[in-house]
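What follows is a short report on a single structure.
We count ligands from 1, going down the list as the structure has it; atoms in each ligand are counted the same way. These values consider heavy atoms only, across backbone and side chains, with no hydrogens, waters or symmetry-generated copies.
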Amino acid sequence: MKPSRLRLAVLISGSGRNLQAMIDAVGAGTLAADLVGVIANRADAYGLERAKRAGIPVQVIPHTAFAAREAFDAALGTALDALAVDVVALAGFMRILGAPLVERFQGRMLNIHPSLLPLYPGLHTHQRALDAGDAQSGATVHYVTPTLDAGPAILQGSVAIHPGDTAASLAERVMSEVEQHIYVEVLRWCADGRLRLHNGNVWLDGRERGAPLRWPALH
Ligand code: GRF
């Protein structure tokens, strides 16, 4: 069943360039979603300004205001329920969410991670790719499961590592050439009713995909 318009909430902690790509795609009419809310765990997240400029309701739920992770997760869950979201997109959201919240949004919570998962879950991904002498780096959009950066991978794109690259130059290239394209692409599949998680596996267009899809060569 194709949902009419996807109700999408985005969780951020920082600059919000992935969020901006979503805002631009919705504005251009190439992503049939309504950005119903942007929630940040930090009041200084620049992505909040991007959201406000686009007229999207914002909320700050500071993790520091809660004594325990469970209480923070519960507040987040309440906010997401109030927005009646179909899909939650973690986009540079730097908090680990507990299993109860993640499981409640199973198959409806996505994350983008700046590496070619399963390589380099966690932090400092581009530096780790450089240190390992890798020829490529990239990014992956995946379903969120309770294990950090380990949920089923949906779509991946890569860039070549150039001589002289630093973690910063690589991060910038992966952002502009991969991240800002693949997240919107996956959200389009959600909005068009083409993507689902079934028994822990990614299904696109009625076919189970054993390995992450590759962007831009998808099929
Ligand atoms: C991105 O590289 C994302 O993959 C990582 O954090 C960065 C966030 O960037 N998890 P932005 O907030 O979307 O600009």
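- For the pair M175 and ligand 1, the shortest N or O to N or O distance does not fall below 3.5 Å.
- Ion pairing of D81 with R104 is present here, as a side-chain N (NZ or NE/NH1/NH2) and a carboxylate O approach within less than 4.0 Å.
- L11 contributes atom CG, which lies 5.5 Å from atom CD1 of I39 (distance to the nearest 0.5 angstrom).
- In terms of heavy-atom proximity, S15 sits nearest to Y46 at O-CD2, 3.6 Å.
- Protein heavy atom at the shortest distance from atom 1 (C) of ligand 1 is E179 OE1, 3.2 Å.
- For atom 14 (O) of ligand 1, the closest non-hydrogen atom of the protein is S15 OG, 2.5 Å.
- Residue, atom and distance of the protein heavy atom nearest to atom 13 (O) of ligand 1 are N18 N, 2.9 Å.
- The closest protein non-hydrogen atom to atom 8 (C) of ligand 1 is G92 CA, 3.5 Å.
- Under the 3.5 Å distance criterion, with hydrogens and angles disregarded, a donor-acceptor pair is assigned to the side chains of R214 and S158.
- Within the structure, the closest approach of I12 to ligand 1 does not fall below 4.0 Å when heavy atoms are considered.
- By the 4.0 Å N-to-carboxylate-O rule, D34 lies too far from R7 to be salt-bridged with it.
- Remark: minimum distance from atom 12 (O) of ligand 1 to any protein heavy atom is reached at G16 N, 2.7 Å.
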(Q) Please determine whether side-chain contact (heavy atoms from CB on, under 4.5 Å) holds for the pair L187 and L110, giving the CA-CA distance in whole Å, both sets of side-chain angles, and the decisive distance to 0.1 Å. (A) CA-CA 9 Å; L187 290 168; L110 305 172; 3.8 Å; yes

